[in-house]
K.L.:
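Once you've had a glance at the structure underneath, I'll fire off some questions.
Lettering of chains follows the sequences in order, A, B, ..., and the numbering in each one begins at 1.
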Protein chains: 2
Amino acid sequence: MPTGTPKGAATLHDVAREAGVSLATASRSLNGSARRVNEEYRSRVVAAAERLGYIPNFSAQAIARGMSPTVALVVSDIADPYFSSIAAGVIRGADEAGLIVTMAVTERSAARELGVVKGLRGQRPRVLILTGSRFLDSGEEEALARELAAYEETGGRVVVVSQRALPFDTLQMNNYDGARDLARALAERGNRRFAAITGTRSLLTSNDRLQGFRDGLAELGLDLPEDRILPAEFTRDGGYQAAGELLERGIDGIDVIFAVNDVMAIGALSRLREAGADIPGDIGVAGFDDIATARDVSPALTTVRLPLEEVGERAIRLALADRDGNEPTVESVGGEVLLRASTR
Amino acid sequence: MPTGTPKGAATLHDVAREAGVSLATASRSLNGSARRVNEEYRSRVVAAAERLGYIPNFSAQAIARGMSPTVALVVSDIADPYFSSIAAGVIRGADEAGLIVTMAVTERSAARELGVVKGLRGQRPRVLILTGSRFLDSGEEEALARELAAYEETGGRVVVVSQRALPFDTLQMNNYDGARDLARALAERGNRRFAAITGTRSLLTSNDRLQGFRDGLAELGLDLPEDRILPAEFTRDGGYQAAGELLERGIDGIDVIFAVNDVMAIGALSRLREAGADIPGDIGVAGFDDIATARDVSPALTTVRLPLEEVGERAIRLALADRDGNEPTVESVGGEVLLRASTR
DNA sequence: AGCTTGCGGGGAAGCGCTTTCCCACTACCA
DNA sequence: TGGTAGTGGGAAAGCGCTTCCCCGCAAGCT
């Protein structure tokens, strides 16, 4: 870079001057436009841009075009493999569509989620993707719905990944059916007595999975008694603790513990192992999601596979599709039972 | 929202009109300014903003202020727990500083990394954080350095997390020392014969860790022969495969396999277990990083703990600190050996 | 009373782009 | 040869903000 170069990046203006053309022509040459530009001019502009190291200012483009090329992704916790896998898919999909992704974290709090969405709106993203579990109706949930509606009103697209709980395009994880299938598979293998580790009662994902599991058992005449259901935090440590509680109460009467997600299941597994339990000999453990490490713990975790990364990509595709009609479209994401060594 | 409301979000202009003040006053009332505003006006503006659901347009602010309130984070693979933990820290730190984070993925390719950085520059982020392992000098690495220099020239700050390999502020993971300490700890416990699973030869992180490990052994008169070093992909599957190779060659003469990162170690662990090996009875496994699941595999993984989330926060802090002098500042991040059940 | 300060509102000039609109020019047709 | 259509360059009007600068006014001083 020549000495004395003024601070600040080269602007389109600089490029135009350098190339000896107008701003309009420079803009048209560099940043795709409907209008064609004489090849001679075009190459002069491109050369000038190259020479000056010109990089278009996205903010300026965003403001001039009235919409910024970004997708905002809201996750509960990016360090949780469930979300990081979805995020990987979202980023890949966004990349293919030429979009930038910005991320925000809710720490599983409905209040924070609302705040985060409000904040994100300042970016005027083209797409807003919500991935956390939805909550049972709360004040925040309603406020969120209003916020999102206002956002769509101004041209944005929202996609909810998890449950059909908000009136927007959604990728509905088939939590109920997956858990039901899992329960039946487990029962068919001869397991009879179950316990469950769930999230707090206000988490829809947790509720759906638990309900599916119980119904699956009920269909085969089996029961998951209320006092065998332990609510805990929706994290690895939550699972760990809940398993501890279970251990205190005694696990002799239990064949399999169903944790409503894999990270909890893995936490529980660790706790049980610490207590010297043989798995699945003394007691089995099953989870839900099939996060990457589910196969690497030992014994490998029985779970319900969700194509998380693919879900992320689909979310982008769904957001970018034209909407047909006024009804939000709901796509279902199927789960597949994976019986592994952590259960008999 | 009243019917007939024009499409598009409320602008500051609308707010000003609604409040019966000038644009300047509205701006000053809502978005922190040095100038004070009469309380009477201020509250009128705030009320009007509230009424209209006004949300400032970040792009417009960015362009008017000449800098956007964002930090760009470059990771190799967000689904990898190493990166997602760092990302969690970065997001937290950014959040505290009122910054938005946008993310891009390199898929561990130097070429893609260069492209990604170029693309990110369009956002004019305040901070650019590079987290992947650096590469041995390659054309891309030089081009990247130039790109980053140009970026700082225009007022941005770059922070490199990993190795002191580029002339910018960096958070230097103490890979060499950590691996050296690990080797010594392992040797002191009576392990004598080692093998290593590394990344490709061009990855600095991998090289440093390997070198540290070998030197640690050498200090105690032990050796890690060249033919016991298996380069593989820097992923779980890479570790899995490499362990397979090792298995084919026979593992009888090996006490411990050192994988240069935890995900590889966990892959290796899985492969060994599949082969029916007793760990650490037949052979031990050690990793590096202490990702969250390292303690949940069984046997729990011996490793070197890196405070990943904290590193993410520190990266932000470092970027936001005034630079003292012209020299890039280099902070060192220590590792702590964690001897767990996967080694004797 | 006359003067200087300081405070704070508002007009307007940007920030870096895109896009509309005007216009000159060429090509084609009858 | 006159007229029309089509092509493509450039001037300029925004996009939604921030901030400089001017100015009126009240307070403080001598």
K.L.:
Could you point out which residue of B/Q123, B/R126, B/R124 forms a side chain to side chain contact (heavy atoms under 4.5 Å, CB included) with B/T70?
P.N.:
B/Q123

K.L.:
Write down the distance between CE (B/M67) and P (C/dG16), rounded to a whole number of angstrom.
P.N.:
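Whole-Å distance recorded here is 12 Å.
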
K.L.:
Take atom CG of B/L30 and atom P of D/dG16, then tell me their distance rounded to the nearest Å.
P.N.:
16 Å

K.L.:
Is the shortest side-chain N to carboxylate O distance from B/R92 to B/D95 below 4.0 Å?
P.N.:
no

K.L.:
From the list C/dG10, C/dT18, D/dG16, which nucleotide is the closest neighbour of the side chain of B/A64?
P.N.:
D/dG16

K.L.:
Considering just the side-chain nitrogens and oxygens of A/S22, establish if one lies under 4.0 Å of OP1 or OP2 belonging to D/dG9.
P.N.:
no

K.L.:
Find out whether A/T154 and A/R121 are in side-chain contact, i.e. whether some heavy atom of one side chain is under 4.5 Å from a heavy atom of the other.
P.N.:
yes

K.L.:
A/N57 CG to D/dC17 P: how many Å, rounded?
P.N.:
16 Å

K.L.:
Crowded around B/R164 CZ? As in, over 12 foreign heavy atoms under 6.0 Å?
P.N.:
no

K.L.:
Would you indicate whether the side-chain heavy atoms of B/Y151 and B/V117 approach each other to under 4.5 Å?
P.N.:
no

K.L.:
Tell me whether B/E331 is salt-bridged to B/R317, with the criterion being a basic N under 4.0 Å from an acidic carboxylate O.
P.N.:
no

K.L.:
Would you tell me whether A/Q163 and A/T205 have side-chain atoms, one donor and one acceptor, within less than 3.5 Å of each other?
P.N.:
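Result is yes, a qualifying pair exists.
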
K.L.:
What's the closest nucleotide to the side chain of B/Q61 if the choices are C/dG10, D/dC17, C/dC17?
P.N.:
D/dC17

K.L.:
Is the CZ atom of B/R36 crowded by more than 12 outside heavy atoms at less than 6.0 Å?
P.N.:
no

K.L.:
When the distance from CD1 of A/I63 to C1' of D/dC15 is rounded to whole Å, what number comes out?
P.N.:
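Nearest whole value for this atom pair: 5 Å.
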
K.L.:
Residues from residues 37-51 of chain B sitting under 4.0 Å of DNA chain D, heavy atoms only?
P.N.:
none

K.L.:
Looking at B/V71, B/V90, B/I91, which one forms a side chain to side chain contact (heavy atoms under 4.5 Å, CB included) with B/L99?
P.N.:
B/V71

K.L.:
Between A/G20 and B/S59, which is nearer to the 5' end of DNA chain D once each is assigned its nearest nucleotide?
P.N.:
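Checking each residue's closest nucleotide, the 5'-ward one belongs to A/G20.
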
K.L.:
Distance check needed: D/dG14 C1' versus B/H13 NE2, whole Å only.
P.N.:
13 Å

K.L.:
Rounded to whole Å, how long is the line connecting atom CG of A/D14 with atom P of C/dC15?
P.N.:
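For the pair A/D14 CG and C/dC15 P, the rounded distance is 11 Å.
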
K.L.:
Please work out which residues in residues 117-126 of chain A have a non-hydrogen atom less than 4.0 Å from an atom of DNA chain D and list them by number.
P.N.:
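None, since no heavy atom is under 4.0 Å.
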
K.L.:
May I ask you to say what B/F58 touches in the nucleic acid, namely base, sugar-phosphate or nothing, with a heavy-atom cut-off under 4.0 Å?
P.N.:
nothing

K.L.:
Apply side chain to side chain contact (heavy atoms under 4.5 Å, CB included) to A/V333 and A/R314, showing your working.
P.N.:
CA-CA 10 Å; A/V333 177; A/R314 279 177 64 182; 4.0 Å; yes

K.L.:
Please work out if B/T11 contacts a base, only the sugar-phosphate, or nothing of the nucleic acid, heavy-atom cut-off 4.0 Å.
P.N.:
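Sugar-phosphate, backbone atoms only, no base.
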
K.L.:
State which of D/dG16, D/dT19, D/dG10 makes the closest approach to the side chain of B/R65.
P.N.:
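The listed nucleotide nearest to B/R65's side chain is D/dT19.
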
K.L.:
Kindly point out which of C/dG10, C/dG8, C/dT19 is positioned nearest to the side chain of A/S27?
P.N.:
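Of C/dG10, C/dG8, C/dT19, C/dT19 is nearest to the side chain of A/S27.
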
K.L.:
Rounded to the nearest Å, what distance is computed from the CG atom of residue A/L23 to the C1' atom of nucleotide C/dC15?
P.N.:
13 Å

K.L.:
Can you tell me the distance, in whole Å, between the CG atom of B/N31 and the C1' atom of D/dG16?
P.N.:
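Computing the B/N31:CG to D/dG16:C1' distance gives 11 Å.
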
K.L.:
If you measure from the Lys or Arg side-chain nitrogens to the Asp or Glu carboxylate oxygens, is any gap between B/E113 and B/R134 under 4.0 Å?
P.N.:
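Here B/E113 pairs with B/R134 in a salt bridge, since their nearest N and O are under 4.0 Å apart.
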
K.L.:
Using the 3.5 Å cut-off, write out each protein N or O paired with an N or O of nucleotides 20-24 of chain C and the distance between them.
P.N.:
from: C/dT20; atom 1: O4; to: A/R28; atom 2: NH1; distance (Å): 3.4
from: C/dC21; atom 1: N4; to: A/R35; atom 2: NH1; distance (Å): 3.1

K.L.:
For A/E50, I'd like to know if atom CD has over 12 heavy atoms of other residues, nucleotides or ligands within 6.0 Å.
P.N.:
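No, not enclosed.
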
